[in-house]
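Throughout, a chain's letter reflects where its sequence line sits, starting with A, and its residues are numbered from 1. Both backbone and side-chain heavy atoms feed into the values below; hydrogens, waters and symmetry mates do not.
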Amino acid sequence: MYHHCARPLDARRAFDEIPAPNPIIVTAMASGCARNNLVYPALAIFRSMVASDSAGVVDEAAALVALSASARVPDRGVTGGIHALVAKVGLDGNASVANTMLDAYAKGGSRDLGAARKLFDMMERDAVSWSTMIALYAQNGLSAEALGLYNKMLNVGGGIRCNAVALSAVLLACTHAGAIQTGKRIHNQVVRLGLEENVYVGTSVVDMYSKCGRVEMARKAFHRIKEKNILSWSAMIAGYGMHGHGQEALEVFNEMRGSGLKPNYITFISVLAACSHAGLLNEGRHWYNAMRKEFGIEPGIEHYGCMVDLLGRARCLDEAYGLIKEMKVKPDAAMWGALLNACRIHKNVELAEIAANRLFELDATHSGCYVLLSNIYAEAGMWKDAERIRVLVKTRGLEKPPAYSSVELKGKTHLFYVGDKRHPQHKEIYAYLDKLLERMQEAGYAPNTGSVLHDLDEEEKESMLRIHSEKLAVAFALMNSVQGSVIHVIKNLRVCTDCHTAIKIITKLTGREIVVRDIKRFHHFKDGLCSCGDYW
DNA sequence: CTAGGGTTAG
């Protein structure tokens with residue numbers, strides 16, 4: 001009773017008054033501790049139970065409590081230790097115990113996916129084991145492994161059927177990989193099984209379509225969810241937001257409030273991000289103020305980040321800087337990065353230097369901001385300063401994380417790094433790109449060599465730009481798809497200025513529509529224009 | 001007495 005009332009100390013007092021507690025009461029005590037986040041006491045109780053276990057009374061329930069507690073401890077190796085104790089009392093063959101252990105190995109401080117997989121391969125597997133392992137891969141960004149295991153479950157899983165948990169997990173893997181074709185196939189499966197109404201599966205489908213560039217499909221799936229929760233609504237708002245559809249995002253937000261659900265911390269991140277992507281300054285200001293006053297939610301670093309983006313975009317650079325100075329949370333690198341980016345767009349060198357210096361203090365190894373600052377100098381004609389920063393990058397030995405872009409073709413994902421020659425079609429791709437570049441230059445495209453961070457002459461700089469991953473991916477997709485189909489490219493970093501300009505021109509020249517998902521948002525290129533309005 | 005897998009931001 002005390003535990004359920006979140007009063008662990010009273011529970012402990014009552015427990016201590018029992019002269020000879022039996023294993024049932026001891027397990028109840030441990031479970032109560034775990035429920036109230038007292039994971040170490042919970043584990044201690046289990047350890048002493050095993051130590052004094054002469055008659056084999058430590059049962060499945062006690063093991064489950066201990067294992068689920070071990071998944072919440074920040075130290076490494078705790079699950080392994082409990083595993084040994086569980087084995088000592090002969091409970092490691094128990095199906096529930098093994099499944100709980102599987103999850104615990106990959107969570108908490110252990111984070112050992114390899115150990116989880118090893119256990120998975122050895123144990124007797126049921127539907128829960130398969131979905132647990134698939135979910136673990138998906139949550140840790142190992143999309144290919146998650147998809148592979150999902151297929152394996154259906155083919156050689158010993159008659160294990162598809163279930164809601166495995167489906168939402170594998171949809172998450174499609175989302176990360178941007179694998180729309182596979183995602184659609186899974187969605188068909190969802191429809192066949194009548195699981196569209198399931199809030200977990202439905203929300204996963206919504207998020208998958210949004211993040212794979214099909215926000216209209218996301219909306220359709222959204223309407224099919226029977227009992228939408230705060231996550232479903234937030235996903236839909238975020239979906240519209242990342243595509244630059246700010247009004248639609250706000251309409252969904254209104255609908256949500258109309259339905260009686262209270263927005264939470266994350267909902268407001270989605271709302272403010274949507275305002276920021278669409279440049280809705282007044283709406284953004286309104287909801288930023290309302291979240292505190294009407295909903296009692298204190299803005300966190302993410303909300304400030306959205307506001308700095310939004311104000312910066314609207315040329316209110318001083319207000320953005322003022323907001324950073326007055327916020328109660330310590331500004332992080334992303335915050336100064338947002339201001340720095342706004343300075344790039346509005347060519348404010350003075351404030352850019354302030355932002356960059358604060359950024360360097362926080363993260364001196366972040367090569368992206370050196371590039372940004374150097375570009376700002378270069379665009380302002382301050383070549384010496386631009387050069388100084390470039391030298392700094394070299395002497396400090398900072399490497400940009402490798403940029404890559406990917407395109408899905410007939411269900412297979414093709415990955416391109418800068419200057420990649422690993423693709424079997426690479427010769428044709430480069431030849432195609434050269435021809436295209438000629439036509440682009442005739443149409444007025446001039447390579448923006450200011451954004452190349454190398455000590456090279458102009459010609460060499462142009463060839464550096466030519467081989468950018470997004471250009472390779474676009475060229476490959478153009479070569480291999482039919483006129484009229486929309487090309488979808490996914491990039492792991494922000495799309496570069498030159499590629500952004502280039503793709504706009506490509507859509508004009510070819511009459512094709514190109515959608516690029518970068519690390520921040522979607523860019524819908526059509527007829528020579530981009531949905532971001534050149535702000536990103 | 002107890003317990004195992006899933007979805008939202010960036």
| request: Using a cut-off of strictly less than 4.0 Å, decide whether Q139(A) has a side-chain nitrogen or oxygen near OP1 or OP2 of dT7(B). | output: yes
| task | Find the distance I82(A):CD1 to dA3(B):C1' and express it as a whole number of Å. | result | 15 Å
| field | Gap between atoms CD1 and P, on I25(A) and dT2(B) respectively (whole Å) | value | 12 Å
| Cation-pi, Y209(A) ring and K211(A) (6.0 angstrom, 45 degrees) | no
| request: Establish, for the pair R161(A) and W130(A), whether the NZ or CZ atom is under 6.0 angstrom from the six-membered ring centre and no further than 45 degrees off its axis. | output: no
| Contact class for A127(A) vs. all strands (heavy atom < 4.0 Å): base, sugar-phosphate, or nothing? | base
| query | Is there a side-chain polar atom (N or O) of K211(A) under 4.0 Å from OP1 or OP2 of dA9(B)? | reply | yes
| task | Assign V97(A) to base, sugar-phosphate, or nothing according to its heavy-atom contacts below 4.0 angstrom with the strands shown. | result | nothing
| said: Within the 4.0 Å heavy-atom criterion, would you say L172(A) contacts the bases, only the backbone, or no part of the nucleic acid? | reply: sugar-phosphate
| request: Whole angstrom is fine here: how far is it from CH2 in W130(A) over to P in dG4(B)? | output: 22 Å
| Interatomic distance where CG belongs to L167(A) and P belongs to dG5(B) [whole Å] | 18 Å
| Closest heavy-atom contact between G312(A) and L317(A)? | CA-CD2, 4.0 Å
| query | For the base of dG5(B), is there a side-chain donor-acceptor partner from N163(A) under 3.5 Å away? | reply | yes
| query | Given W233(A), which of F253(A), F222(A), Y240(A) fulfils the ring pair (Phe, Tyr, Trp, His ring centres under 6.0 Å) condition? | reply | F222(A)
| query | Does OP1 or OP2 of dG5(B) have a side-chain N or O of T100(A) closer than 4.0 Å? | reply | no
| query | To the nearest angstrom, how far is N22(A) atom CG from dT2(B) atom C1'? | reply | 13 Å
| query | Does M307(A) reach the side chain of S276(A), with side-chain heavy atoms less than 4.5 Å apart? | reply | no
| query | Rounded to the nearest Å, what distance is computed from the OH atom of residue Y209(A) to the P atom of nucleotide dT8(B)? | reply | 16 Å
| message | Any base atoms under 4.0 Å from V206(A), or only sugar-phosphate, or nothing? Heavy atoms, all strands. | response | nothing
| Would you say R313(A)'s side chain and A342(A)'s backbone share a donor-acceptor pair under 3.5 angstrom? | no
| request: Calculate the interatomic distance between Y137(A) atom OH and dG5(B) atom P; express it in whole Å. | output: 18 Å
| request: With R13(A) as the cation and F15(A) as the aromatic partner, state whether NZ or CZ is under 6.0 Å from the six-membered ring centre and within 45° of the axis. | output: no
| Counting any heavy atom closer than 4.0 Å, what does V65(A) reach on the DNA or RNA strands: base, sugar-phosphate only, or nothing? | sugar-phosphate
| message | Does A164(A) reach a base, just sugar-phosphate, or nothing at all? Heavy atoms under 4.0 Å. | response | base
| note | Within residues 224-240 of chain A, those residues having any heavy atom closer than 4.0 Å to DNA chain B are N229(A), I230(A), L231(A), S234(A), A235(A), A238(A)
| request: Calculate the interatomic distance between E60(A) atom CD and dA3(B) atom C1'; express it in whole Å. | output: 7 Å
| request: For DNA chain B, determine which residues of residues 265-282 of chain A have any heavy atom closer than 4.0 angstrom to one of its atoms, and list them numerically. | output: I266(A), I269(A), S270(A), A273(A)
| request: Scan D126(A) against the nucleic acid and name what it touches under 4.0 Å (heavy atoms): base, sugar-phosphate only, or nothing. | output: base
| query | Is it true that a side-chain atom of H243(A) and a backbone atom of S210(A) form a donor plus acceptor pair closer than 3.5 Å? | reply | yes
